[in-house]
Amino acid sequence: MFSAPGKAFVAGGYLVLDPQYKAFVIALSSRMYAHAHVDKEAGEYTEVCVKSPQFAEGEWCYKIDLSRPDLTQETHGRHNPFVKSTIDILFLYLTPEQNKRITITIFSDPEYHSQKDSIPKTSKTGLKTFYYHSQPIYKVAKTGLGSSAGLVVCLTTALLSCFSDNFDVKNEITLTRIHNLAQVAHCHAQGKIGSGFDVAAATFGSIVYRRFDPQLVNRVLESGRNEDLVQLVDNTDWKIQHTKCCLPPGIKLLMGDIVGGSETPKLVSKVLEWRKKEPERSLEVWTQLNSYNMRLVESLEKLQDFSKSQPETYKLSLRSLVEGNKSGFSDVVSSIQGIRQYMKIMTLESGAEIEPYQQTELLDYCMSLNGVLGGVVPGAGGYDAVCLLVAQGAIPEVVERTKHLSVTWLNLHEQETGICEEDVSSFIDFL
Ligand SMILES: Nc1ncnc2c1ncn2[C@@H]1O[C@H](COP(=O)(O)OP(=O)(O)OP(=O)(O)O)[C@@H](O)[C@H]1O
Ligand SMILES: C[C@@](O)(CCOP(=O)(O)O)CC(=O)O
């Protein structure tokens, strides 16, 4: 059993599309899970069945002729592009000769989707709860935690493990292979090449991330040849950066879900249009925004060091932060203010509703509360989410002081681990 984390894209949205800039992505305690089972005997075909029992029609089965894996079709006539692309890319890469019958069971933690019209089921140990929906997955509202990236990474890992005797997800070479295959599969499924921040965070956890050259993936998707894919996955330096980076002790991420949508592709195209139309001005804005993004990362790293070198003083600063004195965290506060200032400028000058007025009002109000270091619209922004950095001790008060607003704080926290192996005994009641 393997699991991969969800993500909160805290700083570097849009800029991360350009490899000269970096982004800060936090991995979350809400995770996607994949369990693989290989039957002893197999028929004259390879069969891969991916089950997602939490959703109606949550079963996608593929009969694969190993001599023509490119002709693979789903046997019920159903579509799940992320499942199909992951299987297609895996079999193009592996070119196995022996037929297998594989069943993969997928689970997603409660916070990935709206829990409306769903029934919770808890394991006998009481440690694990999954929500079971009466609707198919494409009809269930999602909260934008990167379920597709998490799915592709844990499904890639589970399938790879079926073809390897001593599979170790902690092995660096295996981890790179998982990342590279999942990036290709995720781009193929989306039909476009984003920055890949979500797949990188699902693989490596909380990171400062710099993207790969999109041509690397483009070329392989265009050629569709096994040798090109193997060369890209196993013998190419993607030149990405994924440096571990996490929140300092006692500082928590509060993810707020707001009923409202945002169309990332539309927002991205508006911003890229603005970049083309106003090259000098947009470069000036991105340069400033990037410096605040990186100042936020540096200030969090400094706090991490300070909490280790002067733990007692750090604890005192945390305590006074809860009472409203933010002076011990002024670098973080001013970095987030700078990020918001330039995200707002980008909103006004590009016409993309990145931090629309309603979000500005909500974030400004949250910023005024004791214990709140700041908040941003995560990722591409829009109307559907906010995320705050808050002192742990101040969270109950923040929740209380915002309960009259249209924001639902998700029950999750930072969990910096990327893809990992789980003890299957904790999930036995669900399998
Ligand atoms: N538990 C699951 N089982 C099967 N497929 C899933 C599951 N979770 C997500 N998916 C696939 O991922 C798709 C959702 O991915 P999408 O990129 O639209 O949103 P997201 O990745 O959850 O959030 P965002 O991209 O906004 O961060 C679903 O329609 C489905 O195809
Ligand atoms: C706008 C962008 O930089 C981030 C999108 O983040 P999200 O999908 O809104 O979480 C796009 C990308 O990085 O692929």
Side-chain angles (χ1 to χ4, degrees), residues 3-4 6-19 21-26 28 30-34 50-60 78-86 104-114 130-133 135-155 183 185-187 189-202 209-212 214 255 257 261-272 286 289 293 343 346 350 352 354 376-385 387:
S3 73
K7 53 77 183 161
F9 192 152
V10 175
Y14 300 97
L15 280 71
V16 73
L17 289 164
D18 179 333
Y21 300 107
K22 294 182 277 191
F24 173 42
V25 195
I26 286 184
L28 301 172
S30 297
R31 299 179 77 89
M32 299 291 293
Y33 303 84
V50 177
K51 297 181 175 175
S52 196
Q54 291 170 269
F55 300 94
E57 303 164 28
E59 189 166 320
W60 302 270
R78 290 183 190 141
H79 296 284
N80 185 324
F82 296 100
V83 167
K84 172 95 173 36
S85 294
T86 304
I104 307 269
T105 311
I106 301 288
F107 296 101
S108 42
D109 274 331
E111 294 74 23
Y112 277 98
H113 297 95
S114 151
F130 289 128
Y131 279 75
Y132 287 71
H133 299 259
Q135 294 292 331
I137 184 140
Y138 57 86
K139 289 189 177 167
V140 177
K142 60 185 179 76
T143 53
L145 299 186
S147 64
S148 63
L151 166 77
V152 170
V153 169
C154 62
L155 180 55
Q183 288 286 14
H186 199 252
C187 292
Q190 289 194 121
K192 67 175 173 64
I193 300 181
S195 69
F197 76 93
D198 43 2
V199 171
Y209 172 72
R210 188 186 59 228
R211 72 159 303 151
F212 55 86
M255 277 297 280
D257 183 37
S262 68
E263 291 283 311
T264 300
K266 275 197 201 122
L267 292 170
V268 171
S269 60
K270 274 200 172 216
V271 168
L272 297 181
W286 274 29
L289 182 47
N293 290 339
M343 287 290 258
M346 195 155 59
S350 71
I354 300 167
V376 293
V377 285
Y383 290 87
D384 55 356
C387 68

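Whatever order the structure lists ligands and atoms in, that order sets their numbers, starting from 1.
Checked against side chain to side chain donor-acceptor pair (under 3.5 Å), Ser52 has no partners two or more places apart in sequence or in another chain. Checked against ring pair (Phe, Tyr, Trp, His ring centres under 6.0 Å), Tyr33 has the following partners two or more places apart in sequence or in another chain: Phe130, Phe427. Applying the salt bridge (charged side-chain N to carboxylate O under 4.0 Å, His left out) criterion to Lys51, with sequence neighbours excluded, gives no partner residue.
Residue contacts with ligand 1 for Tyr138 are absent, since no atom lies close enough (heavy atoms, distance under 4.0 Å). Proximity of Tyr112 to ligand 1, defined as any heavy-atom pair under 4.0 Å, is not found for any part of the residue. Within the 4.0 Å heavy-atom criterion, the part of Trp60 lying near ligand 1 is the side chain and not the backbone. Residue contacts with ligand 1 for Ser148 involve both N, CA, C or O and side-chain atoms from C-beta outward (heavy atoms, distance under 4.0 Å).
Taking every heavy atom of Ser108 and a limit of under 4.0 angstrom, the matching atoms of ligand 1 come to 1 (N). Contact atoms of ligand 1 toward Phe55: 1 (N) (distance under 4.0 Å to a heavy atom of the residue). Of all the atoms in ligand 1, the ones that sit under 4.0 Å from a non-hydrogen atom of Gly144 are 23 (O), 24 (P), 26 (O), 27 (O). Counting atoms of ligand 1 from 1 in the listed order, those under 4.0 Å from a heavy atom of Ser52 are 1 (N), 2 (C), 3 (N), 4 (C). Those atoms of ligand 1 with a heavy atom of Leu151 less than 4.0 angstrom away are 5 (N), 6 (C), 10 (N), 11 (C).
The nearest heavy-atom contact from the protein to atom 31 (O) of ligand 1 is Asn80 OD1, 3.1 Å. Of all protein heavy atoms, the one closest to atom 22 (O) of ligand 1 is Ser147 OG, 2.4 Å. Protein heavy atom in closest approach to atom 25 (O) of ligand 1: Lys142 NZ, 4.4 Å.
In this structure a side-chain-to-backbone donor-acceptor pair under 3.5 Å is present from Tyr112 to Gly6. A donor-acceptor pair under 3.5 Å links the side-chain atoms of Arg211 to the main chain of Leu17, judged by distance alone. Looking at Gln183, its side chain never comes within 3.5 Å of a backbone N or O of Val199 through a donor-acceptor pair. Panel note: side chain Tyr14, backbone Met346; no donor-acceptor pair is recorded below 3.5 Å.
Just one residue in the list Leu151, Val152, Ile193 forms a side chain to side chain contact (heavy atoms under 4.5 Å, CB included) with His186, and that residue is Val152.
Using a 4.0 Å cutoff on heavy atoms, Met32 counts as a contact of ligand 1.
Inside a 4.0 Å radius of atom 29 (O) of ligand 1 there is not any protein heavy atom.
Nearest heavy atoms, Thr86 versus Phe82: OG1-O, 2.6 Å. Nearest approach of Ala189 to Pro81, heavy atoms of both residues: CB-O, 3.5 Å.
Any N or O atom pair closer than 3.5 Å counts here, and Gln190 shares no such pair with ligand 1. An N or O contact shorter than 3.5 Å is missing between Phe82 and ligand 1 by distance. Considering backbone and side-chain N/O atoms, Lys7 comes within less than 3.5 Å of an N/O atom of ligand 1. Of the polar atoms of Ala149, none of the N or O atoms is found under 3.5 Å from an N or O of ligand 1, judged by distance alone.
By heavy-atom distance, the residue among Thr264, Asp109, Ile137 lying nearest atom 2 (C) of ligand 1 is Ile137.
Relative ring orientation between His133 and Phe55 is described as parallel, the plane-to-plane angle staying below 30° on a 0-90° scale split at 30° and 60°.
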Tabulated below should be the N or O atoms of ligand 2 paired with protein N or O atoms at under 3.5 Å; can you produce that?
| residue | atom | partner | partner atom | Å |
| --- | --- | --- | --- | --- |
| ligand 2 | 3 (O) | Tyr14 | N | 2.9 |
| ligand 2 | 9 (O) | Ala380 | N | 3.0 |
| ligand 2 | 10 (O) | Lys7 | NZ | 2.8 |
| ligand 2 | 13 (O) | Ser195 | OG | 2.6 |
| ligand 2 | 14 (O) | Ser195 | N | 2.9 |
| ligand 2 | 14 (O) | Ser195 | OG | 3.4 |

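Looking at Arg78 and Tyr138, their side chains never come closer than 4.5 Å, going by heavy atoms from C-beta outward.
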